[in-house]
Engineer: 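Mind having a look at this structure? Questions to follow.
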Amino acid sequence: MALMLTSVPGTNDIFAQSKEYPFREPVFRYIIQTAERVLRSSGAQMIYTPIFEYAEVLQKGVGVTSDIVVKKEMYTLEDRGGRVLGLRPEPTASIVRAYNQHGMKVWPQPVRLFTWGPMFRAERHQRGRYKQFHQVDYEALGSADPLVDAEAIALMVQIYRELGLKGLEVKLGSVGDPEDRVRYNDYLRGLFRPYAQALSEDSRVRLESNPMRILDSKSEADQRIVAEVGVKPMLEFLGPEARAFHERVAGYLEKLGVSFSIDPSIVRGLDYYVRTAWEIHHSRIGAKSALGGGGRYDGLSEMLGGPRVPGVGFGIGVERAALALEEERVQIPADPAPDLYLVPLDEAALLEALQIAQGLRPRFRVEMAYAPKNPRKGLEEALKKAARFAAFLGEGERQRGVVTLKNLHSGTQVEVSPAELAGHLA
RNA sequence: GUGAGUGUAGCUCAGCCGGUUAGAGCACCGGUCUGUGGAACCGGGGGUCGUGGGUUCAAGUCCCAUCACUCACCCCA
């Protein structure tokens, strides 16, 4: 087809017949509703925050050295008053902003919130990564207890379980406290500086700005160097408090029966994360296997200019969950079939059919043919839609003041007045 | 932003060594068929072969450019 008007690359229409599995509306809805069911059962409350904020909120939220800001991966726009706004790349900053703005500190703590919706990143898209993508997000604010971390991880795993996914891998790590990271980064700089010339260009920059990033560099040369120098993992640099915290989270998870592995090299792209960090991976959903991740961000609120509010939360990538469901061929519940399919047999019956339909909706799911059909065609359509009943409306019925109601499961049919239809459908 | 692959009907695709008016299946619409189980048969609409240029007597086919998509890199959900 010649190019006409299309959606922006990396954005997608979500509808039932979409060619791409992650954008089939029933799949999408299944994931969001399942997540919502689990999270509501935990007492978390839904919050919808705007999809755009003052860019400053989002920039501070993702951290100044984060690539999202550095490489301009956040969409920004200017409104008429010259305010610089940004489309959210993730919702955590908005939720922390809302917590402070609405005085949620006087609520019973922790305040546990969840949301879902579109997120935006100005990146080149690929499988499982889009300019507009969707995320289910949970945040527990106002508690620094490791029990809250363990609950968040357990809830996240429970959501994937409820979805029917099996091939999950929970990787738990800790990024320590800020001072631990300073020590670790100094250690890494000292370790890699002698190899600076051999490192990739990207990693040479990282050497000063964010040496932890060198560890998961994709460059083979970098990886060879990493292997050669024998890097100690971040976990070994935890201070006593962060270490104890990490061990308590791990201990709670074991007692909760959540299986996980310790990943000592887990790294966070965002500056405000402290201590607990985790990712949930799935095999074979593309170049990136992460279904979602989470972590603790006790410093975020202060960074936004508010009081210190400890918090922990996670994000679930909806499209990535869908890819995993497709990969595992998990059966998605089918949309309910119509209770009744109305078949007008002549022009005069069209309006009558619509009147009957409107009388039965919304108690029953009622669909109809919008042009006269012969009975065979009408029946065929009703069967294709897997309707429970079909009703024929023709000249004979009109004279007798009835419709012919056919039970498509049993094959039996009766003539009933329109007023009696509801009783037969119930 | 970088690299590779792919572009023929709404979808999945065929189209030989360049050769007449570009095809099939599915889907859609109509008929056989105002009277009953997803059928069958017949018919129909729908394509500037992604776009532009070049080579050639002749281009869906070869060449160049461009655009789009896909995958991957960077980064991330």
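Per chain, numbering begins at 1; letters A, B, ... match sequence-line order.
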Engineer: Below 4.0 angstrom from OP1 or OP2 of B:U70, is there any side-chain N or O of A:His125?
Structural biologist: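 The answer is yes; a side-chain N or O of A:His125 sits under 4.0 Å from OP1 or OP2.
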Engineer: Looking at the base of B:U36, is there any donor atom on it, or on the side chain of A:Gln413, that sits under 3.5 Å from an acceptor on the other one?
Structural biologist: yes
Engineer: So does A:Asp180 pair up with A:Arg183, basic N to acidic O under 4.0 Å?
Structural biologist: yes
Engineer: What do you reckon, do A:Phe392 and the base of B:G35 stack, with centroid distance below 5.5 Å and planes below 30°?
Structural biologist: no
Engineer: Is it true that A:Asp339 and A:Arg388 make a salt bridge, defined as a side-chain N closer than 4.0 Å to a carboxylate O?
Structural biologist: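 Yes.
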Engineer: Take the angle between the ring planes of A:Trp116 and A:His134 and call it parallel below 30°, perpendicular above 60°, tilted in between.
Structural biologist: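 Because their plane-to-plane angle lies in the 30° to 60° range, the rings of A:Trp116 and A:His134 count as tilted.
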Engineer: For A:Glu395, which contact category applies under a 4.0 Å heavy-atom criterion: base, sugar-phosphate, or nothing?
Structural biologist: base
Engineer: Measure NZ/A:Lys131 against C1'/B:U70 and give the value in whole Å, please.
Structural biologist: 14 Å
Engineer: When we call it a touch if two heavy atoms are under 4.0 Å apart, what does A:Gly411 touch: a base, just sugar-phosphate, or nothing?
Structural biologist: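 Result for A:Gly411 = base.
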Engineer: Distance between the C1' atoms of B:G37 and B:C42, in whole angstroms?
Structural biologist: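 Looking at atom C1' only, B:G37 and B:C42 are 22 Å apart.
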Engineer: Look at all strands and tell whether A:Gly315 reaches a base, only sugar-phosphate, or nothing, counting heavy atoms closer than 4.0 Å.
Structural biologist: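 Nothing, no heavy atom under 4.0 Å.
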Engineer: Classify A:Glu347 by what it touches in the nucleic acid, base, sugar-phosphate, or nothing, heavy-atom distance under 4.0 Å.
Structural biologist: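 If one applies the 4.0 Å heavy-atom cut-off, A:Glu347 turns out to touch nothing in the nucleic acid.
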Engineer: Is A:Glu381 side chain donor-acceptor paired with the B:G37 base, going by distance under 3.5 Å alone?
Structural biologist: no
Engineer: Provide, to the nearest angstrom, the distance between the NZ atom belonging to A:Lys377 and the P atom belonging to B:G31.
Structural biologist: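 Taking NZ of A:Lys377 and P of B:G31, I get 7 Å after rounding.
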Engineer: Has the side chain of A:Glu123 got a donor or acceptor atom sitting under 3.5 Å from an opposite partner on the base of B:A77?
Structural biologist: yes
Engineer: Please measure how far the P atom in B:U8 lies from the corresponding atom in B:U51, and state the result in whole Å.
Structural biologist: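 That atom pair is separated by 10 Å.
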Engineer: Heavy-atom distance under 4.5 Å between the side chains of A:Pro178 and A:Val274, does that happen here?
Structural biologist: yes
Engineer: At under 4.0 Å between heavy atoms, what does A:Lys406 touch on the DNA or RNA strands: base, sugar-phosphate, or nothing?
Structural biologist: base
Engineer: What contact category does A:Asn407 fall into here, base, sugar-phosphate, or nothing, at under 4.0 angstrom with non-hydrogen atoms?
Structural biologist: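 Base, at least one base atom sits under 4.0 Å.
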Engineer: Salt bridge between A:Lys232 and A:Glu236, side-chain N to carboxylate O under 4.0 Å?
Structural biologist: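 Salt bridge between A:Lys232 and A:Glu236, a charged N being under 4.0 Å from a carboxylate O: no.
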Engineer: Starting from the 5' end of RNA chain B, give me the residue, A:Thr404 or A:Asn12, whose nearest nucleotide shows up first.
Structural biologist: A:Thr404
Engineer: Does the side chain to side chain contact (heavy atoms under 4.5 Å, CB included) test come out yes or no for A:Val96 and A:Tyr297, once each step is laid out?
Structural biologist: CA-CA 10 Å; A:Val96 171; A:Tyr297 47 84; 3.9 Å; yes
Engineer: Could you state the CZ-P distance from A:Arg398 to B:U34, rounded to the nearest angstrom?
Structural biologist: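 The distance from CZ of A:Arg398 to P of B:U34 comes to 15 Å, rounded to the nearest Å.
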Engineer: Measuring to OP1 and OP2 of B:A72, would you say a side-chain N or O of A:Gln126 lies under 4.0 angstrom away?
Structural biologist: yes
Engineer: Rounded to whole angstrom, note down the C1' distance from B:G60 over to B:G19.
Structural biologist: 13 Å
Engineer: What is the distance, rounded to the nearest whole Å, between atom CD of A:Glu20 and atom C1' of B:C11?
Structural biologist: 14 Å
Engineer: Report the distance from atom CG of A:Leu405 to atom C1' of B:G37, rounded to the nearest whole Å.
Structural biologist: 16 Å
Engineer: For B:G53 and B:U70, measure between their C1' atoms and round to the nearest Å.
Structural biologist: 26 Å
Engineer: Determine the Euclidean distance between corresponding C1' atoms of B:G47 and B:U56; express it in Å to zero decimal places.
Structural biologist: 25 Å
Engineer: Please report, rounded to the nearest Å, how far the P atom of B:C33 is from the CG atom of A:Asn374.
Structural biologist: 9 Å
Engineer: Please state how far atom CD in A:Glu380 lies from atom P in B:G35, giving the value in whole angstrom units.
Structural biologist: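 These atoms are roughly 16 Å apart.
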Engineer: Of A:Pro375 and A:Pro372, whose nearest nucleotide on RNA chain B comes first from the 5' end?
Structural biologist: A:Pro372
Engineer: Would one find a side-chain N or O of A:Arg376 under 4.0 angstrom from OP1 or OP2 of B:G37?
Structural biologist: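 Checking A:Arg376 against B:G37: at least one side-chain N or O falls below 4.0 Å of OP1 or OP2.
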Engineer: Sort out for me which residue in A:Arg24, A:Arg29, A:Lys385, A:Arg365 forms a salt bridge (Lys or Arg N to Asp or Glu O under 4.0 Å) with A:Asp335.
Structural biologist: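 It is A:Arg29, the one option of A:Arg24, A:Arg29, A:Lys385, A:Arg365 that forms the salt bridge (Lys or Arg N to Asp or Glu O under 4.0 Å) with A:Asp335.
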Engineer: Calculate the interatomic distance between A:Lys384 atom NZ and B:C29 atom C1'; express it in whole Å.
Structural biologist: 12 Å
